[in-house]
Amino acid sequence: MIAVARRSSDPDFIEALARGLDVIRAFRPNRPVMTLSEVATEAGLARPTARRILLTLEELGYARADENGFALTPRIMELGVAYVRSTGLWEIARPHMEWLVARTHQSSSIAQLDGSDIVYVARVAVPKIVTLRVDIGTRFPAAATSLGKVLLAALPPAQLASVLAEPGRSGVQPSASPCEEELEAALREVRAKGWALTDQQLAPAIRSVAAPLRDGSGRVIAALNVNAHAAETSLLTLVDEYLPLLLQAAGEISADWARHESVPYVTAG
């Protein structure tokens, strides 16, 4: 049996929980089904340890096993959705996102920053053929997306440098990765304008425009976008027609979020 090194000397650190999360993270969009050996290798665990974790996940309904190996089940989404629901952001944003999608006939998403990646936490989609699939929990390199540029532009300089130094975990190679000087110039423009635009930087044929969502103190807590297919939506349409609607929706979500924060909560019992 391979001895797996403990990653923390803190007596309160639960190593078994950390290893369980490693197993869940081992599954990627391009590897939805994996053998026991593959999971153990990807998670850096001994086979017996990986097996016990997978069987536990299966017993809880978060994984399934067949002749091809192990796969996560849709129930795993509960773990990510719990975060979104705990913030209340989805309930507040949904009607405004639905309003925005109804007027632009384009998909709209909300993302937050996690290291040098963005993570999608809410989405109202219009069925279309696109280069990259987006679901709740999808990760993309922040610097190549309009959502990411909005979030990066809101960071203090020292924190921005630290975030950009973190290796991404999206597994996506952008069509065009800006150099340091290009990204600095792009973020200055975002700060000046209050919104961000990308044109096929993440993937071919994908254009998007994004705006910040703020709390009552003005702090950027997330970003909202409209994304479109380049073959059917020009940059002029994206900026002249969709951007004003996006800014209106973002402003209303921010205002509702500020009101939500100001309501006193009392736990009875």
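- Nearest heavy-atom pair across Ala228 and Leu238 is CB-CD1, 4.4 Å.
- Under the 4.0 Å criterion applied to side-chain N and carboxylate O atoms, Asp114 and Arg139 are assigned as salt-bridge partners.
- Between the side chain of Thr145 and the backbone N or O of Ala142, at least one donor-acceptor pair lies under 3.5 Å.
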Exercise. With side chain to side chain contact (heavy atoms under 4.5 Å, CB included) as the test, would you mind laying out the steps for Arg259 and Asp256 before giving the verdict?
Key: CA-CA 5 Å; Arg259 284 190 285 269; Asp256 283 353; 2.3 Å; yes
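- Under the ring pair (Phe, Tyr, Trp, His ring centres under 6.0 Å) criterion, the residue pairs touching residues 135-178 are Tyr120-Phe140, with sequence neighbours excluded.
- At distances below 3.5 Å, not a single donor-acceptor pair connects side-chain atoms of Gln201 with backbone N or O atoms of Pro174.
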Practice problem: Check the pair Phe27 / Val39 against side chain to side chain contact (heavy atoms under 4.5 Å, CB included), numbers first and verdict last. | Solution: CA-CA 8 Å; Phe27 292 88; Val39 172; 3.9 Å; yes
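- Applying the side-chain hydrogen bond (donor to acceptor under 3.5 Å, both in side chains) rule to Arg188 yields no partners; only residues at least two apart in sequence or on another chain are considered.
- Under the rule for a salt bridge (charged side-chain N to carboxylate O under 4.0 Å, His left out), Arg51 has no partner lying at least two apart in sequence or in another chain.
- Under the 3.5 Å distance criterion, with hydrogens and angles disregarded, a donor-acceptor pair is assigned to the side chains of Arg47 and Ser37.
- By the side-chain hydrogen bond (donor to acceptor under 3.5 Å, both in side chains) test, Thr237 pairs with Ser234, sequence neighbours left out.
- Under the rule for a salt bridge (charged side-chain N to carboxylate O under 4.0 Å, His left out), Arg103 has no partner lying at least two apart in sequence or in another chain.
- Here Arg19 does not pair with Asp22 in a salt bridge; the nearest charged N to carboxylate O distance is not below 4.0 Å.
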Quiz item: When you look at Val172 and Leu202, which way does the side chain to side chain contact (heavy atoms under 4.5 Å, CB included) test go after all the steps?
Solution: CA-CA 9 Å; Val172 175; Leu202 178 63; 4.2 Å; yes
Please tabulate, for side-chain N and O atoms in residues 206-213, each donor-acceptor pair with protein atoms closer than 3.5 Å (sequence neighbours left out).
unit_1	atom_1	unit_2	atom_2	d
Arg207	NE	Asp199	OD1	2.7
Arg207	NH1	Ala230	O	3.4
Arg207	NH1	Thr233	O	2.7
Ser208	OG	Ser146	OG	2.7
Ser208	OG	Thr198	OG1	2.9

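- Between the side chain of Ser254 and the main chain of Ala250, a donor-acceptor pair closer than 3.5 Å is present.
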Practice problem: Show your working on side chain to side chain contact (heavy atoms under 4.5 Å, CB included) between Arg123 and Ser107 and close with a plain yes or no. | Solution: CA-CA 8 Å; Arg123 181 166 171 83; Ser107 298; 3.6 Å; yes
